[in-house]
Amino acid sequence: MKIYDHVQNLGARVGAIQVIAFVLLAVLGARLYYLQVVKGEYYSDRAENQRIRLIPIPAPRGAIFDRKGRILVDSRPIYNVVISNDGLKQAAGPDKVVDYSQGLSLEPQFVTERLSVLKKQNEFESLVLKENATIEDIAWVEAHSLEFPELRVELQPQRHYPLGTTLAHVLGYVGEISPKQLESDAYKDKGFRPGDIIGKGGLEQYYDEFLRGRPGYKKVIVDSRGRVQSELETVPPQSGQDLVTTIDLDLQMTAEDQLAKSSTKRGVVIAMDPNNGEILAMASAPSFDPNIFVKGASTPEGRKQIAEYWKDETRPLLNRAIQGRYPPGSTWKIPESVGALQEGAITVAHSNMLCGGGITIGNKLTRCMGNHGSPPLDTAITRSCDGYYYRLGLKMGIEGIIKMVETFGFDKRSGIDLPNEKVPQTPKTWMKYVIKHEGKWSDIRTVYASIGQDTVVVTPISMLRAVSSVGMRGKEYIPHFLKEFKPIAAVGEEGDPNYIPARPGFTFQHPEPTIIELQPAQWDLVLKGMWGVVNAGGTAGSIRIPGFDIAGKTGTAQVAEVGKDTGKNKDHSWFVSFAPAYKPEMSVIALIENSGFGAANAAPAVKAMYESYLSRRDGGQPATQEVAAR
């Protein structure tokens with residue numbers, strides 16, 4: 001009986017076991033079906049990714065040349081220590097920071113920042129941990145390859161600025177794209193990733209799309225620890241397009257030298273071809289070394305230098321040519337003269353106006369630097385008669401001055417191909433504010449505006465463009481640096497999945513110049529006055545070049561009230577010009593900050609620019625020219 005019961009219980013148990021086994025097998029089968037059939041492709045790809053990596057090959061940026069083919073910017077190969085997100089995984093704790101910092105001579109804070117950026121990237125992505133790796137750095141990485149398989153050494157291009165501080169504001173520099181930029185719409189749709197190098201100022205930023213190349217990659221097989229075992233395929237990168245600029249390096253060096261010799265060593269010199277707007281030279285002082293931003297961002301010394309640039313009260317990172325806004329002083333009288341003739345405030349036959357040694361508005365006496373009687377327009381320009389322009393401004397009215405502002409484009413950017421250009425500020429800018437806070441626009445403000453003070457501040461590039469149009473008898477061109485982008489050949493064969501199409505070359509697309517309408521006799525009158533400034537006993541007679549007539553205008557712009565205009569509040573010195581006077585080949589402007597009279601400081605710098613130009617154009621001999629009727 002007991003044996004029978006035992007056997008009966010055994011059968012029930014076997015049945016239960018069979019049911020349980022069946023259920024388990026069914027669950028296992030369902031899971032296997034899900035993994036191998038439903039999710040088979042996903043896990044197959046993931047397994048492949050665990051075995052195969054795509055290692056990016058950065059593309060060299062296009063080089064930048066001056067108009068004669070001389071190198072201004074290039075890229076040079078360097079060794080970088082790169083860290084992979086896959087090899088790192090979640091083991092980036094404090095110990096890793098200490099190891100990397102000590103092994104690669106990096107600041108712990110910098111390493112922490114890099115690891116933080118890397119963790120936000122997709123799996124298998126990589127980031128440069130240290131640029132310009134030394135022999136010691138490379139040896140350390142190789143010696144610790146088993147301990148730190150996430151690190152590798154790669155040969156990559158790095159931007160190099162052989163001229164250092166020369167042309168720094170024009171060329172700009174490159175750097176890693178910032179987290180804020182990655183979040184902006186302007187960059188979000190272009191496929192940028194953390195660690196990508198982009199232009200950060202100047203031409204590097206403005207033409208980044210063309211200077212930047214298309215990266216390639218290496219397809220490699222790696223082991224379980226992420227170490228490369230073999231290479232399957234290489235897709236070469238496509239270099240960026242080379243940029244040929246309008247810059248003449250000889251003139252640029254002269255401009256830099258004149259600023260270095262100036263009394264305050266702060267200012268601007270710009271040279272332009274008034275016939276088409278090509279910028280031949282643009283120097284802004286003080287300057288900075290763009291190599292610091294490229295090579296020094298990961299070193300304590302470099303980061304310290306960058307911080308000093310930002311804290312420097314002389315603002316070396318500011319491109320004064322397009323971002324500095326200064327009262328133009330008497331240089332403002334040239335566009336104002338054209339505006340007065342356009343509006344009929346004066347005519348060629350009746351352009352005389354009283355100087356009177358100044359003018360009294362209410363109880364306020366505003367003086368002229370002399371007493372010039374009742375001069376015609378050309379003499380008022382030549383002698384820089386403030387009294388004449390006080391009365392001319394009042395006759396035009398503030399509405400007439402604003403109309404002149406609009407005619408010459410002082411209410412907008414010049415359109416130069418550099419980022420972050422500032423717009424001048426004029427009575428048009430301040431009108432609503434003044435009326436709101438003072439009840440009306442007073443005559444004394446019009447008087448001040450008529451000599452480029454008070455509510456008038458302009459950028460040097462906007463003044464050069466305006467005055468150059470006078471030399472061109474009304475043709476005002478867009479200033480620009482682009483001369484030509486060179487073409488780049490395709491990579492691979494068309495139809496190939498890795499094919500990168502060719503990029504065609506192109507030149508600057510010249511828009512039609514703005515036309516400022518004036519009668520020939522009216523242009524002649526203004527030009528006669530500007531010619532006289534240098535060649536007929538005017539305010540800048542000391543810079544006369546026999547056989548090469550310069551037409552120009554001095555400016556001494558007040559930055560503080562009389563009695564306080566010393567030291568850092570001393571007047572700004574201006575000189576704006578073109579030459580030859582009656583058939584311009586080049587226009588030049590100089591601004592020397594807080595240096596005093598325009599004739600004594602800015603004008604000599606301009607003369608040096610013309611002498612440099614002539615020494616190369618005519619082998620040192622000034623050109624002869626037919627002196628037009630004056």
Side-chain angles (χ1 to χ4, degrees), residues 60-78 157-174 199-208 210-213 239-261 268-273 275-285 287-295 319 321-322 416-418 461 479-488 503 505-508 585-588 605 608-620:
R61 288 175 73 86
I64 302 179
F65 300 90
D66 87 333
R67 65 190 302 116
K68 298 177 182 177
R70 291 170 289 192
I71 193 75
L72 304 178
V73 187
D74 63 4
S75 297
R76 297 184 176 183
I78 60 166
Q158 184 185 67
R159 211 57 164 160
H160 177 63
Y161 302 90
L163 300 177
T165 58
T166 297
L167 269 173
H169 297 95
V170 172
L171 299 173
Y173 58 94
V174 297
K200 292 277 189 172
L203 296 173
E204 292 275 30
Q205 179 180 337
Y206 194 92
Y207 290 116
D208 182 67
F210 305 101
L211 290 167
R212 217 172 356 96
S239 298
Q241 293 177 262
D242 290 343
L243 167 60
V244 179
T245 69
T246 59
I247 288 291
D248 183 320
L249 188 55
D250 296 316
L251 286 174
Q252 181 68 34
M253 299 305 289
T254 300
E256 302 275 357
D257 182 59
Q258 290 303 305
L259 290 176
K261 292 177 179 177
V268 175
V269 175
I270 313 171
M272 184 176 77
D273 184 343
N275 297 279
N276 53 26
E278 291 185 352
I279 300 295
L280 305 174
M282 178 182 283
S284 174
S287 187
F288 65 96
D289 186 353
N291 291 300
I292 297 295
F293 290 86
V294 176
K295 302 175 183 178
N319 185 353
I322 66 167
I416 193 169
D417 47 354
L418 289 177
I461 190 63
H480 60 276
F481 289 96
L482 171 61
K483 196 165 186 68
E484 179 188 9
F485 263 110
K486 297 291 187 180
I488 285 290
R503 301 165 73 179
F506 59 94
T507 58
F508 182 76
E585 298 172 13
M586 187 168 76
S587 55
V588 184
M609 292 293 289
Y610 287 120
E611 288 176 334
S612 176
Y613 170 75
L614 288 172
S615 70
R616 290 163 182 82
R617 192 197 72 171
D618 302 312

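Here the structure is a predicted model, which means the values were calculated and not measured. Reckoned from all heavy atoms, side chains included, excluding hydrogens, waters and symmetry mates.
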Main-chain N/O of [Y] paired to [X] side chain as donor or acceptor, under 3.5 Å:
{"X": "Glu204", "Y": "Leu211", "result": "no"}
{"X": "Gln158", "Y": "Pro77", "result": "no"}
{"X": "Asp273", "Y": "Glu278", "result": "no"}
{"X": "Thr246", "Y": "His480", "result": "yes"}
{"X": "Gln241", "Y": "Lys486", "result": "yes"}
{"X": "Ser612", "Y": "Leu251", "result": "no"}
{"X": "Thr165", "Y": "Phe288", "result": "no"}
{"X": "Arg159", "Y": "Tyr173", "result": "no"}

Point-to-point distance, once rounded to the nearest 0.5 Å, from [atom1] of [X] to [atom2] of [Y]:
{"X": "Thr245", "Y": "Glu484", "atom1": "OG1", "atom2": "CD", "result": "11.5 Å"}
{"X": "Asp66", "Y": "Ile247", "atom1": "CG", "atom2": "CD1", "result": "8.0 Å"}
{"X": "Phe508", "Y": "Lys483", "atom1": "CZ", "atom2": "NZ", "result": "11.5 Å"}
{"X": "Phe65", "Y": "Ile71", "atom1": "CZ", "atom2": "CD1", "result": "4.0 Å"}

Quiz item: Going through the distances and angles, do Arg67 and Leu280 end up as a side-chain contact (heavy atoms from CB on, under 4.5 Å)?
Solution: CA-CA 9 Å; Arg67 65 190 302 116; Leu280 305 174; 3.4 Å; yes
Quiz item: So Leu418 and Ile461, side-chain contact (heavy atoms from CB on, under 4.5 Å) or not? Walk me through it.
Solution: CA-CA 11 Å; Leu418 289 177; Ile461 190 63; over 6 Å; no
Quiz item: Out of Leu203, Leu249, Val170, which one pairs with Leu72 under the side chain to side chain contact (heavy atoms under 4.5 Å, CB included) rule?
Solution: Leu249
Self-check item: From Ile270, Val269, Leu259, Asn319, residue fulfilling side chain to side chain contact (heavy atoms under 4.5 Å, CB included) relative to Ser284
Solution: Asn319
Quiz item: Hey, are Arg70 and Asp250 close enough for a salt bridge, meaning a charged N less than 4.0 Å from a carboxylate O?
Solution: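 Yes, Arg70 and Asp250 are salt-bridged.
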Quiz prompt | Charged N-O contact under 4.0 Å between Arg616 and Asp248 | solution =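 Not counted as a salt bridge, because no side-chain N and carboxylate O are separated by less than 4.0 Å.
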What heavy-atom pair brings [X] and [Y] nearest, and what distance separates the two atoms?
{"X": "Met609", "Y": "Ala281", "result": "CE-CB, 4.0 Å"}
{"X": "Leu167", "Y": "Glu256", "result": "N-OE2, 3.1 Å"}
{"X": "Pro290", "Y": "Tyr161", "result": "CG-CG, 3.6 Å"}
{"X": "Asp417", "Y": "Leu482", "result": "OD2-N, 3.1 Å"}
{"X": "Ser239", "Y": "Arg503", "result": "O-NH1, 3.8 Å"}
{"X": "Ala255", "Y": "Ala283", "result": "CB-CB, 3.9 Å"}

Quiz item: Can you tell me if NZ on Lys295 sees more than 12 non-hydrogen neighbours from other groups inside 6.0 Å?
Solution: yes
Quiz prompt | Within-4.5 Å side-chain heavy-atom neighbours: Leu614 and Arg617 | solution =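 In short, these two side chains touch, coming nearer than 4.5 Å.
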Self-check item: Sole residue of Asp242, Asp74, Asp208 in side chain to side chain donor-acceptor pair (under 3.5 Å) with Arg61
Solution: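 When side chain to side chain donor-acceptor pair (under 3.5 Å) is applied between Arg61 and each of Asp242, Asp74, Asp208, only Asp208 qualifies.
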Quiz prompt | Ring centroid separation Phe481 to Tyr206 under 6.0 Å | solution = no
Quiz item: Can you check side-chain contact (heavy atoms from CB on, under 4.5 Å) on Gln252 and Leu163, steps first, answer last?
Solution: CA-CA 11 Å; Gln252 181 68 34; Leu163 300 177; over 6 Å; no
